[in-house]
Amino acid sequence: MHICKSINSLNKVLDSLRPYKNAGFVPTMGALHEGHLKLVEHARKENDIVICSIFVNPTQFNNPKDLEKYPRMPEKDALLLEKENCDIAFIPSSKEIYPEKDRTNYDFGEIENVMEGKFRPGHFKGVGMVVKRLFEIVKPDNAYFGLKDYQQYLVIKKLVNQFNLNVNVIGCPTVREKDGLAMSSRNLRLSEEQRKAAPIIFESLKYIKNHFSSKSIPGWKEWFKSQINRFPALDVEYIEIADAETLMPVKNSNESKNIVVCTAVFAGEIRLIDNILLKC
Ligand code: AMP
């Protein structure tokens, strides 16, 4: 596997691998786990060459403490990527990605004002900025994103439309721990008590999915908060029940064909997000 720390070296390696039919790309912020590696595996099956980037993107963090504490372990990550037969690990510096201020106007419509967008102002502009830049550098045919970050996945599809980027965006299912907790690099920072409590998030989402018709939407939102708040280690930031395409909140289950339930829960200062799709 090639490790490239600059755009120059990436371009040289890409040239040495030509001709290739298609290139698959997995953008990440590192501290890789099974969720990321499944994306690489998926890309490996569908592409001649696979590139994975590791870049902790400062423009998408609205909380400086979260950015500072974000786990970084590029050497270990490179070993994991090599095992997955990734061809290139692209590990650029901030200077490579942002040589100058990006003055592009990103507009994702209403979708960036709800849920993650509402509670993390500016977050999706930062995501848009880095993904657009990475797409321009790597020039992939296919790019793989986890549905764990469901709103992000929709934002990336909007980004590709807004700028007419020639990339297929492929969403991959959320990979979970045995007890249901969605894998996340931030899970490494959970205390024992927080880690023990955290599976209630997905358990409650699954319960809503399986019993959806038995309560009203406001009723489910209240129920979810009361379930989570039984655990002193956890605190609900939001729970939304929304149309799975527009992410606009729904008041009634018959308002939408596909509904998604999305949540963010704090475990101390660590923010855990998860979601579940309902077919109505
Ligand atoms: P991150 O490193 O957190 O920015 O994530 C990089 C990519 O991996 C994004 O497309 C995420 O949605 C995806 N991802 C992170 N965790 C999971 C998971 N548990 N299951 C599936 N995809 C994931």
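Each ligand, and each atom within it, is numbered from 1 in the order the structure gives. Quick note: numbers below take in every heavy atom, side chains included, and nothing from hydrogens, waters or symmetry partners. If you read the sequence from its start, that first residue is 1, and numbering goes on from there.
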Scan the side chains in residues 172-182 for donor-acceptor partners under 3.5 Å anywhere in the protein, sequence neighbours excluded, and list what turns up.
| residue | atom | partner | partner atom | Å |
| --- | --- | --- | --- | --- |
| T174 | OG1 | K148 | N | 3.1 |
| R176 | NH1 | G180 | O | 2.9 |
| R176 | NH1 | D274 | OD2 | 2.9 |
| R176 | NH2 | D274 | OD1 | 3.0 |
| D179 | OD1 | L181 | N | 3.3 |
| D179 | OD1 | R195 | NH2 | 3.3 |
| D179 | OD2 | R195 | NH1 | 3.1 |
| D179 | OD2 | R195 | NH2 | 3.0 |

Residues 160-168, side-chain donor-acceptor partners within the protein, below 3.5 Å, at least two apart:
| residue | atom | partner | partner atom | Å |
| --- | --- | --- | --- | --- |
| Q162 | OE1 | D107 | N | 3.2 |
| Q162 | NE2 | N105 | O | 3.1 |
| N168 | ND2 | N142 | OD1 | 2.9 |

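The single protein non-hydrogen atom nearest to atom 6 (C) of ligand 1 is P27 O, 3.4 Å, given as residue, atom name and distance. Of all protein heavy atoms, the one lying nearest to atom 11 (C) of ligand 1 is D149 OD2, 3.1 Å. Looking at atom 20 (N) of ligand 1, its nearest protein heavy atom turns out to be V175 N, 2.8 Å.
If you check the side chains of Y98 and T59, you find a donor sitting under 3.5 Å from an acceptor. T104 and D102 are linked by a side-chain donor-acceptor pair at a separation below 3.5 angstrom, with hydrogens and angles left out of the test. Residues R18 and Y20 have side chains that bring a donor and an acceptor to within less than 3.5 angstrom of each other.
Numbered from 1 in the order shown, with element, the atoms of ligand 1 that lie under 4.0 Å from a heavy atom of F145 read 10 (O). Of all atoms in ligand 1, listed by their number and element, those nearer than 4.0 Å to a heavy atom of T174 are 20 (N), 21 (C).
Taking the six-membered ring where tryptophan is involved, the planes of W220 and F212 are essentially parallel, since the angle between them stays under 30° and well short of 60°.
At under 3.5 Å, a nitrogen or oxygen of G146, whether backbone or side chain, sits near a nitrogen or oxygen of ligand 1. Note: an N/O pair closer than 3.5 Å links H36 and ligand 1 by distance alone. In terms of polar-atom proximity, defined here as any N/O pair under 3.5 Å, A182 makes no such contact with ligand 1. Any N or O atom pair closer than 3.5 Å counts here, and C172 shares no such pair with ligand 1.
Nearest-heavy-atom check against atom 9 (C) of ligand 1 across M29, H42, Q152, H33 picks out Q152.
At a 4.0 Å heavy-atom cut-off, ligand 1 touches L39 through the side chain alone. Within the 4.0 Å heavy-atom criterion, both parts of M183, backbone and side chain, lie near ligand 1. Heavy atoms of Y70 found under 4.0 angstrom from ligand 1 belong exclusively to the side chain.
Side chain of D149 to main chain of Q152: no donor-acceptor pair is present (N/O by atom type, distance under 3.5 Å, no hydrogens or angles).
Ligand 1 has at least one atom lying under 4.0 Å from a heavy atom of P173.
Looking at K125, R120, K158 one by one, the single match for salt bridge (charged side-chain N to carboxylate O under 4.0 Å, His left out) with E112 turns out to be K125.
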Q: Please step through side chain to side chain donor-acceptor pair (under 3.5 Å) for the pair Y238 and E116, ending with a clear verdict.
A: CA-CA 9 Å; Y238 69 79; E116 290 302 283; 2.5 Å; yes
